[in-house]
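Sequence lines set the chain letters: A, B, ... in the order given, protein chains first and strands last, and positions in each chain run from 1.
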Amino acid sequence: MSDQKKPGISRRDIIKGGAAAAGLVTASSLIPTRFAIGNTAKVKVGILLPYTGTYAKLGSNIKDALQLRINEAGGKLGGREVEYINIDSEASPPKAPELTNKLLKKEQVDFLIGPVHSVVGMAMVKLARNADVIAVIPNAGANGLTGSLCAPNIFRTSFSSYQPGFPGGTAMLEDGHKNVVLMYWNYGFGKETAAAFKESFLAGGGNIVREIPTPFPKVEFQAYLTEVAALKPDAVFTFYAGGGAVKFVKDYAAAGLHKNIPLYGAGFLTEGVTGAQGEAAEGVRTTLHYADTLDLPANIRFREAFLKATGSQADVYAVQGYDAGDLLVQGMAAVEGDVRAKAEMIKAMESATIDSPRGKFTFSKAHNPIQDIYLREVVNGQNQVIRTVQKAVEDPAEGCKMG
Amino acid sequence: MEISFYLIQLLNGIQYGFLLFLMASGLTLIFGIMGIINLAHGAFYMIGAYLCYWLTGITGNLFTGILLAIPVSILFGYAVERLAISYLYQRDHLYQVLLTYALILIANELQSIFWGNDVHSVPIPELLRGSIQLTANQAYPVYRLFISGACITLAVAMYWVIQKTRLGMTIRAGASNREMVQALGININWLFAIVFSLGATLAAFAGMLAAPVNSVYPGIGDNILIISFVVVVIGGIGSIKGAFIGALLIGLADTFGKVLLPDMASMVVYALMAAVLFWRPQGLFGKV
């Protein structure tokens, strides 16, 4: 975090180090200095999200909700105008380093928001953690982003793949399913979700009849469904998302499996896609940190505002974008718009409480949300909350040496 | 596992093979017979799926939706050939790769503008909505059987047109010697426009038929491009019979690969392709 050493900054540093007791007074006396530093320039928020391809909808929802939150705060961050620099990540890992560098080096952004795709996230975070920027991840769930790659200037407002996975095992045991087939897309995120699921499920005495990793991102499931029918498990736990989730749930129902073998999954199985899944999704149970129908004032308010601003219904991705916006608003308010006060801003951000549509949450030492995980069931095309499976689920943040 | 398990897997494999033939049929014309590297094959497939979703939504019935979408696809394919592809017949394959890749980008952007980025589903008509109970737990959707029937019909029709009709004869002649056919007084430009348009329409038609099973979402065409090339290459470039057999082989290999070698499921198809090409570099039914 190498601040450029200008007079204002060094004076600030001295004050910060020396006069903790007189903090309030000193801080208020500092305002003029801060304004002198650069309130005239706009705050640059770089956004690296996918706007094309399978994840396009996720990207636009996150961006819209982020801007909605900042607009609710008067369209400013810490009193300064905001300039958004949007780049289409195309959810393409090979392009991620170049695009990240474009935002960091060429545009010199103050904040970096993104991405959706976990592998893009890996590339982005590897660059951002050593750069003079604060990065907020509004989706990518790879455990490592707030695990071995964690850093003071990296925050995540979504989830780690551990978080929907681990309570999944607990929920299935509570529902009385002991013999389970585990199916998932065989790539990083699917594997992490499956591993977290197994951790709680096996410890609770569950038995995994068979584990079926299926090639990512292929959507031809027929052979596997025949296998499930022959194995006759109590239930099936899965990880699929987006178009794959639609296809899987429809194929599962079309094969008649849903009648005798209940379908469970990490929440993405029925997130933003129940309209396309139609009747096939009815009764599918999933674990996630959010549900459209959550009866919380913050959620109802947010959903109305989002619908008004964009004309479409909010989903969990929008919520995560909204909370990323809230984190920026809080962080910038704490330093009154002085983006060079990185240490102070990070301190404010990591101790922030986000009044999220999913329910209030705080951050772990690794900067990942500590949040409740709900068990939802699709009823009439909507995810209804059945119960809270586990309160305040904290990612174990394996490999994180921070805090 | 009981014998019925393997019989159902056999059914799965054959059915998947038919679906693959349907997906690759357009490419057998454009790449196989005309020799154009058409990376936009998936884009035509995607456009077909979206047209089907859109028109089915308006008319309320899948069949009317498809009937309306077909002429649109024909016109679209024709326009693409006239405005873009027709300038590149004499050029190197690299130019065709660049052009058709650009077409993918344009098609994806247009899709995003016209239809947005949501995942959509296309309802199956009442008539085909049922399923046949196979075992205590598993049923087989009638619509999948319907797709298989459509594929067989299509394969026979294509074979007949290319091998037995005058149009087919001219197409084959035009593909092997353009100048000679021209010298014989046949309007080769018009002929190629028709073939390309037909190929694009077949790709779109595959997208339409598969839409109710696959659902419709951005990037849906990207997944079928490579497997379609594999089908055409295994079958032998230019051979419809080969593409049909190739598609069935891949369908079976993929299905049984998933069952018997789950760890290598995604590799089996390509291993099969490598083996076929090692044994017959021109493909199963390709001419040397």
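- Atom CD1 of B/I226 has 12 or fewer neighbouring heavy atoms from other residues, nucleotides or ligands inside a 6.0 Å radius.
- Heavy atoms of B/V213 lying under 4.5 Å from chain A belong to its backbone as well as its side chain.
- Between A/L225 and B/Q138, the shortest heavy-atom distance links the atoms C-NE2, 4.2 Å.
- In this structure, no portion of B/N108 lies under 4.5 Å from any heavy atom of chain A.
- The CD atom of A/E220 sits 10.0 Å away from atom CD1 of B/I227, with the distance rounded to the nearest 0.5 Å.
- Contact of A/I261 with chain B is made through the side chain alone, with heavy-atom distances under 4.5 Å.
- For A/N186, no part lies under 4.5 angstrom from a heavy atom of chain B.
- Counting heavy-atom pairs closer than 4.5 Å to chain B, the top residue among A/A255, A/P217, A/A56, A/G59 is A/A255.
- The part of A/Y51 that comes within reach of chain B is its backbone (N, CA, C, O), which places non-hydrogen atoms under 4.5 angstrom from that chain.
- B/N117 and A/S60 share no side-chain donor-acceptor pair at under 3.5 Å.
- The candidate with the highest count of non-hydrogen atom pairs below 4.5 Å against chain A, out of B/A136, B/S121, B/S215, is B/S121.
- Other residues, nucleotides and ligands place no more than 12 heavy atoms under 6.0 Å from the CD atom of A/E98.
- Contact count versus chain B (heavy atoms, under 4.5 Å) is highest, among A/P215, A/G278, A/A254, A/G256, for A/A254.
- Residue B/R129: no heavy atom, backbone or side chain, is found under 4.5 Å from chain A.
- Taking non-hydrogen atoms and a 4.5 Å limit, the residue list of residues 247-259 of chain B in contact with chain A, ordered by number, reads B/T255, B/K258, B/V259.
- No side-chain heavy atom of A/K218 sits under 4.5 Å from any side-chain heavy atom of B/N223.
- B/Y16 has its side chain out of reach of A/Q222: every pair of non-hydrogen atoms, C-beta onward, lies at least 4.5 Å apart.
- Under the side chain to side chain contact (heavy atoms under 4.5 Å, CB included) test applied with A/T226, the options B/N12, B/L11, B/N137, B/T135 reduce to a single match, B/N12.
- No more than 12 heavy atoms of other residues, nucleotides or ligands lie within 6.0 Å of OH in B/Y101, so this atom counts as exposed by the packing criterion.
- With a threshold of 4.5 angstrom between heavy atoms, B/E109 approaches chain A through side-chain atoms but not through N, CA, C or O.
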